[in-house]
There are 2 protein chains.
Amino acid sequence: MTLKVYCDRMSQPSRAILIFCKMNGIDFEEVHIDILNNQQHTPEYKAINPMSQVPTIVDGDFTLFESHSILIYLSCKYPGVASHWYPSDLIERAKVHSVLDWHHANLRRGSVGVIMNNVLLPLNGLPSNPQAAEEAEKTLVKALTVLETFWLKDGPFLTGRSQPSIADLNLVSEVMELQLLNEKEHDRILSPFKKVLQWVEDTKSATAPYFEEIHGVLYKASKEFRELIAAKSATNE
Amino acid sequence: MTLKVYCDRMSQPSRAILIFCKMNGIDFEEVHIDILNNQQHTPEYKAINPMSQVPTIVDGDFTLFESHSILIYLSCKYPGVASHWYPSDLIERAKVHSVLDWHHANLRRGSVGVIMNNVLLPLNGLPSNPQAAEEAEKTLVKALTVLETFWLKDGPFLTGRSQPSIADLNLVSEVMELQLLNEKEHDRILSPFKKVLQWVEDTKSATAPYFEEIHGVLYKASKEFRELIAAKSATNE
């Protein structure tokens with residue numbers, strides 16, 4: 001039975017898993033769960049993932065969610081996966097776990113908050129909370145600073161590795177989500193972080209051509225969202 | 001060289017690691033980093049862990065932080081660790097990873113927010129943010145509901161296991177932190193969750209006598225904090 005990946009290319013961890021499967025020649029069926037239209041909340045999908053989140057994989061009769069866990073599972077299950085993705089050395093593996101764990105309450109939390117308050121709420125005509133927006137940006141900038149000065153200090157990839165691990169894939173997909181901000185805001189937040197920007201480019205190159213292929217939906221949405229928000233703010237002026 | 005565990009028994013992930021080491025006969029030196037007195041922010045400690053958080057382990061010349069990563073590393077490094085803590089079976093291990101990943105943005109986020117707003121800020125005479133307190137409680141109650149109805153549905157331990165894994169140790173230590181709330185609040189939040197309460201007791205029993213030994217500091221603090229906050233609120237009336 002083919003591995004099923006329930007996902008939406010608009011979701012950063014979904015993209016990480018799709019790129020990973022394509023890079024490693026894993027045969028899978030992509031099942032689109034349209035999160036902008038709340039398809040993750042349908043009873044059908046909740047029967048698969050009661051948390052109503054993407055991505056989820058179904059491998060035979062085994063269902064798994066949480067993207068870090070999925071990437072580890074796939075790395076271990078498929079012998080063809082190159083060892084740099086999830087190193088078998090105890091210490092190298094521990095470092096990959098450490099940056100993945102750090103990600104949850106830092107980069108991801110900041111990025112999700114910033115996109116929610118600056119893009120998704122305004123797009124849906126809902127009031128954003130200025131205090132929440134400010135705190136999310138603080139969390140995001142702090143996380144980008146830690147990426148720049150600590151996790152990438154021995155680069156080119158996270159924890160000083162010479163080839164990307166599953167952590168690079170997951171965290172770069174998160175940084176890419178910031179493309180949904182307007183260009184000025186995107187550059188204002190990201191431009192001070194030269195190592196982060198270089199690392200994004202290095203990860204893109206290391207995962208070509210799949211990285212750009214899978215991010216196509218995000219690039220298209222980014223263009224549309226920027227135009228819509230600009231039109232809304234022009235109307236409000 | 002003996003494994004060093006930099007920690008504070010007032011921190012929930014620190015307690016999980018201490019109990020784990022004791023349960024598995026791992027020889028270690030406990031180095032107390034007094035978080036209530038901001039010792040995690042000293043230059044000496046920042047040289048060990050630039051994130052200024054506990055716990056951290058130093059094993060020879062390898063430094064590791066993030067408690068989930070530490071528990072996985074210790075489980076793999078010491079051959080004496082019983083296999084139920086971190087199962088070697090691919091699917092069983094994936095389930096343990098999944099609940100640990102879920103923990104970050106759900107149970108932990110809710111619990112930390114509730115304790116910050118209801119205990120630590122009032123204790124330090126700082127204003128708490130009613131909206132943040134309400135949101136933290138919502139996150140916490142939702143996480144407890146998911147524990148009760150999903151992760152513990154096939155009990156007695158998380159993901160339907162018959163013996164505790166590192167996930168039980170970590171998540172139960174988090175639930176224990178709620179002891180810092182006053183008794184009424186603690187019971188109001190936790191009493192609807194019968195399976196969660198039973199699971200806490202089962203984890204305590206499975207890790208006796210170390211569970212209670214390591215939680216002694218928390219129990220003492222709980223008593224003191226409850227008295228202090230009661231005295232403060234009496235003065236304010």
Side-chain angles (χ1 to χ4, degrees), chain A residues 13 46 49-53 56-57 59-78 86 88-109 112-113 129 131-132 135 142-143 145-146 149-151 153 159 166-167 170, chain B residues 13 46 49-53 56-57 59-78 86 88-109 112-113 129 131-132 135 142-143 145-146 149-151 153 159 166-167 170:
Chain A
K46 279 189 134 170
N49 182 343
M51 314 293 170
S52 288
Q53 286 177 328
T56 303
I57 62 165
D59 188 15
D61 58 5
F62 178 49
T63 301
L64 182 64
F65 39 85
E66 290 292 338
S67 67
H68 301 179
S69 307
I70 293 172
L71 288 167
I72 292 173
Y73 172 79
L74 296 175
S75 297
C76 296
K77 160 124 195 205
Y78 293 92
Y86 186 56
S88 56
D89 175 79
L90 184 61
I91 287 180
E92 290 303 310
R93 180 171 287 191
K95 289 183 195 166
V96 170
H97 287 158
S98 182
V99 65
L100 283 170
D101 280 329
W102 170 83
H103 177 46
H104 285 285
N106 295 284
L107 179 63
R108 178 151 182 80
R109 184 167 176 173
V112 166
N129 174 339
Q131 202 190 338
E135 282 192 15
K142 196 176 159 200
T145 307
V146 172
T149 58
F150 182 75
W151 295 114
K153 75 178 186 310
T159 75
I166 54 174
N170 224 307
Chain B
K46 277 189 135 170
N49 182 342
M51 315 292 171
S52 290
Q53 286 177 327
T56 302
I57 62 166
D59 188 15
D61 57 5
F62 178 49
T63 300
L64 182 65
F65 40 84
E66 289 293 336
S67 67
H68 301 178
S69 307
I70 293 172
L71 289 167
I72 292 173
Y73 172 79
L74 296 175
S75 297
C76 296
K77 160 123 196 206
Y78 293 92
Y86 186 57
S88 55
D89 175 79
L90 184 62
I91 288 180
E92 290 303 311
R93 180 171 286 193
K95 289 183 194 166
V96 170
H97 287 158
S98 182
V99 65
L100 282 171
D101 280 329
W102 170 82
H103 177 45
H104 286 284
N106 295 283
L107 179 62
R108 177 149 183 81
R109 184 168 176 171
V112 166
N129 174 339
Q131 202 190 336
E135 280 191 17
K142 196 176 161 201
T145 307
V146 172
T149 58
F150 182 75
W151 295 115
K153 74 178 187 311
T159 76
I166 54 174
N170 224 309

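A, B, ... follow the sequence lines: proteins, then strands. Residue 1 opens every chain. Since this is a predicted model, take the numbers as computed values, not measurements.
Residues of residues 99-106 of chain A lying under 4.5 angstrom from chain B, judged on non-hydrogen atoms, are A/Asp101, A/Trp102, A/His104 by number.
With a 6.0 Å radius and a threshold of 12 heavy atoms from other residues, nucleotides or ligands, A/Asp89 has its CG atom above the threshold. For NZ of A/Lys142, the number of neighbouring non-hydrogen atoms (other residues, nucleotides, ligands) closer than 6.0 Å is 12 at most.
With a 4.5 Å cut-off on non-hydrogen atoms, B/Asp59 does not touch chain A at all. Only the side chain of A/Phe150 comes within contact range of chain B, with at least one heavy atom under 4.5 Å from a heavy atom of that chain. Residue contact with chain B, scored on non-hydrogen atoms closer than 4.5 Å, involves the side chain of A/Leu64 exclusively. Only the side chain of B/Phe62 comes within contact range of chain A, with heavy atoms under 4.5 Å apart.
Closest approach of B/Ala94 to A/Ser69, counting heavy atoms only: O-CB, 4.2 Å.
Comparing B/His68, B/Gln131, B/Arg109 by how many heavy-atom pairs each has under 4.5 Å with chain A, the most go to B/Arg109. Listed options B/Pro50, B/Ser67, B/Ala132 were ranked by heavy-atom pairs under 4.5 angstrom with chain A; first place goes to B/Pro50. The candidate from B/His97, B/Arg93, B/Gln53, B/Lys77 with the greatest count of non-hydrogen atom pairs under 4.5 Å with chain A is B/His97. Between chain B and the options A/Ile70, A/Val96, A/Ile72, A/Ile91, the largest number of non-hydrogen pairs under 4.5 Å is found for A/Ile91.
Judged by distance alone, with hydrogens and angles left aside, the side-chain atoms of B/Ser98 form a donor-acceptor pair with the main-chain N or O of A/Phe65 at under 3.5 Å.
Rounding to the nearest 0.5 Å places CG of B/Leu90 at 10.0 Å from OG of A/Ser75.
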